[in-house]
2 protein chains.
Amino acid sequence: MSVNIGIVDDVASNRNILKNKLLGHNHFEVTLTAANGKDFLKKMQLLDLELLPAVVLMDLEMPGMDGVDAITTGSFLYPAVKFVVLTIFDDEDKIFNAIKAGAFGYLLKDESGENIADMLWQMYESGAGPISPGIAHKILQMVQHNELTLTHKPEAAVQKTFFNLTERENEILELLVEGLMYREIGARLFISGNTVKKHVMNIYNKLHVNSRIQVIHLAHKKKFF
Amino acid sequence: MSVNIGIVDDVASNRNILKNKLLGHNHFEVTLTAANGKDFLKKMQLLDLELLPAVVLMDLEMPGMDGVDAITTGSFLYPAVKFVVLTIFDDEDKIFNAIKAGAFGYLLKDESGENIADMLWQMYESGAGPISPGIAHKILQMVQHNELTLTHKPEAAVQKTFFNLTERENEILELLVEGLMYREIGARLFISGNTVKKHVMNIYNKLHVNSRIQVIHLAHKKKFF
DNA sequence: CAGAATCTAATCCATAAGGAGTATAGCTTT
DNA sequence: AAAGCTATACTCCTTATGGATTAGATTCTG
């Protein structure tokens, strides 16, 4: 079984070279290529489920929508997809922003040379995001030079009894907050959208609110998530 | 010309195995071995200058004086020496502390397997500190999970670069997230509800979402508030 | 066993929201 | 002066949401 890969780069020749490198490895299938962030997101929407890439190799500087924004939105819309930055830029801000945006790995084009495929495969075996040695070193130095500091925050205890919601209601609440519609929630839980709606109305009553947005606020305020 | 290496580990067999591995590479000369931090510092004092190690492989948990303290003192006394942690511990606190103490690299005993010598040699060619993939991944996650934050350039940068929204759009976004309807937002800003709607649609396009709930989720995730 | 929750599902209705398009005025940039 | 962006505002249409009510099935509980 092979792994679906997406490639986002504004230079067509880069895409092709990379694609050939990956195909040569014969573990990988390139199911999506795009020239920038917008292009990528649009193509993701239209893509068949079984072709959804498990890994997206993302360049950073691109016209239209850059890689950081694409990763931000992409990692939100497709949490299962691992975004790996593949770029020539190694300045600290770019690294930091990309990581914050949700990048799972960060590879340098020149450093990684021919073994991008190897590093991606290693990622599958270890579960750890692939990072070029030079980048790892930069991050380490950022920590050393006090540009990064450890902020202790021991996640407040999750409130177990959130307004006496039933298990089902909690389940639905979670999906509701994620932005799903009645119908979509129903599909996930294998029940009717009408039923979901009924549950949601019950939730509203218990929480004394009357819209999804209010629910989200309340949930966030109470550190439900 | 070969490179002088120091090995600090409380387990004698570890020292020997490691030593043999390095000697097998024949780039390296092991000129110092020690069983703990204190032992290491004492031997460094007595060592001939030409035998001073360029690299010290340092275990972390040792009786007497541990690796972190040894690195702290050692990197102060011998700034030219590169301290590379070589341990089985991969918990975040240990990693962070070791790096802060001045570690130039961080290798995991099990992960690095036989190629510790390779990674050390690579360090010489690239000038970058050797870091095990698993450790790099851990650090990356620490950054991602806000346990590490950029201190010199705080919150402002994150907020300002929220998807290139215009001032007006940001203004409307805030009210939108509060749960107001188009009409209500319009009333607050003294513009038409229709106009608000147009702005909101523009925001959706820029953020690549298509509902208020998704916007809120994204905004919260990216710490817009 | 009987009653109480709970989960399921449906209907009807009014309103809000999402989508797409058009248009104009003001301001900045080239 | 022309091109581009932003803010403003409108229309038409479809779909989703919130609100209220009813009701069968299942499970829990006193």
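We name chains A, B, ... by the order of the sequence lines, and we start the count at 1 in each one. What you see is a predicted model, and the numbers here were worked out from it, not measured in a lab.
Asp90(B) is linked by a side chain to side chain donor-acceptor pair (under 3.5 Å) to Lys138(B), counting only residues two or more places apart in sequence or in another chain. Contacts of His25(A) classified as side chain to side chain donor-acceptor pair (under 3.5 Å), with partners at least two apart in sequence or in another chain: Asp118(A). Every side chain to side chain donor-acceptor pair (under 3.5 Å) that Thr87(B) has, sequence neighbours left out, goes to Asp59(B). Remark: Glu61(B) pairs with Lys94(B) by the side chain to side chain donor-acceptor pair (under 3.5 Å) rule, at least two apart or across chains. Taking Lys82(B) as the reference, nothing meets the salt bridge (Lys or Arg N to Asp or Glu O under 4.0 Å) condition, with sequence neighbours excluded. Glu171(B) pairs by the salt bridge (Lys or Arg N to Asp or Glu O under 4.0 Å) definition with Arg168(B), not counting sequence neighbours. Not counting sequence neighbours, the partners of Asp39(A) by the salt bridge (Lys or Arg N to Asp or Glu O under 4.0 Å) test are Lys43(A).
No donor-acceptor distance shorter than 3.5 angstrom exists from the side chain of Thr33(A) to the backbone of Ile7(A), with no hydrogens or angles considered.
Here Met201(A) lies in heavy-atom contact (under 4.0 Å) with a base.
Separating the CD atom of Glu167(B) from the P atom of dC5(D) is a distance of 18 Å, rounded to the nearest angstrom. Atom OH in Tyr204(A) sits about 18 Å away from atom P in dT21(D), given to the nearest Å. With rounding to whole Å, Ile213(B) atom CD1 is found 9 Å from dT17(D) atom C1'. The nearest whole Å value for the distance from the CD atom in Glu184(A) to the P atom in dT15(D) is 15 Å.
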Acceptor/donor pairs from residues 184-193 of chain A side chains to any protein atom, 3.5 angstrom cut, sequence neighbours excluded:
| from | atom 1 | to | atom 2 | distance (Å) |
| --- | --- | --- | --- | --- |
| Glu184(A) | OE1 | Met181(A) | N | 2.9 |
| Ser192(A) | OG | Asn194(A) | N | 2.9 |

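With axes fitted over five pairs at each extremity, the angle between the ends of the helix from dC1(C)-dG30(D) to dT30(C)-dA1(D) is 50° (10° resolution).
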Item to check | Candidate pair Lys109(A) and Asp9(A), rule salt bridge (Lys or Arg N to Asp or Glu O under 4.0 Å), full reasoning | outcome: CA-CA 12 Å; Lys109(A) 274 179 182 169; Asp9(A) 196 312; 3.0 Å; yes
Nucleotide N/O of nucleotides 8-14 of chain D paired with protein N/O under 3.5 Å:
| from | atom 1 | to | atom 2 | distance (Å) |
| --- | --- | --- | --- | --- |
| dT8(D) | OP1 | Arg168(B) | NE | 3.2 |
| dT8(D) | OP1 | Arg168(B) | NH2 | 2.6 |
| dT8(D) | OP2 | Arg168(B) | NE | 2.9 |
| dT8(D) | OP2 | His199(B) | NE2 | 2.9 |
| dA9(D) | OP2 | Ser192(B) | N | 2.6 |
| dA9(D) | OP2 | Thr195(B) | OG1 | 3.3 |
| dA9(D) | O5' | Thr195(B) | OG1 | 3.3 |
| dC10(D) | OP2 | Ser192(B) | OG | 2.9 |
| dC10(D) | OP2 | Asn194(B) | ND2 | 3.2 |

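Checked against dG19(D), dT17(D), dA7(D), the side chain of Tyr182(A) finds its nearest nucleotide in dT17(D).
Distances shorter than 4.0 Å separate some side-chain N or O of Thr166(B) from OP1 or OP2 on dA7(D).
Along DNA chain D, the nucleotide nearest to Arg183(A) and the one nearest to Val209(A) differ in position, and the one closer to the 5' end is contacted by Arg183(A).
Annotation: salt bridge (charged side-chain N to carboxylate O under 4.0 Å, His left out) contacts involving residues 192-210 of chain B, sequence neighbours excluded, comprise Glu169(B)-Lys206(B).
Bounding nucleotides for the chain B contact on DNA chain C, 5' to 3', at a heavy-atom distance below 4.0 Å, are dA16(C) to dT22(C).
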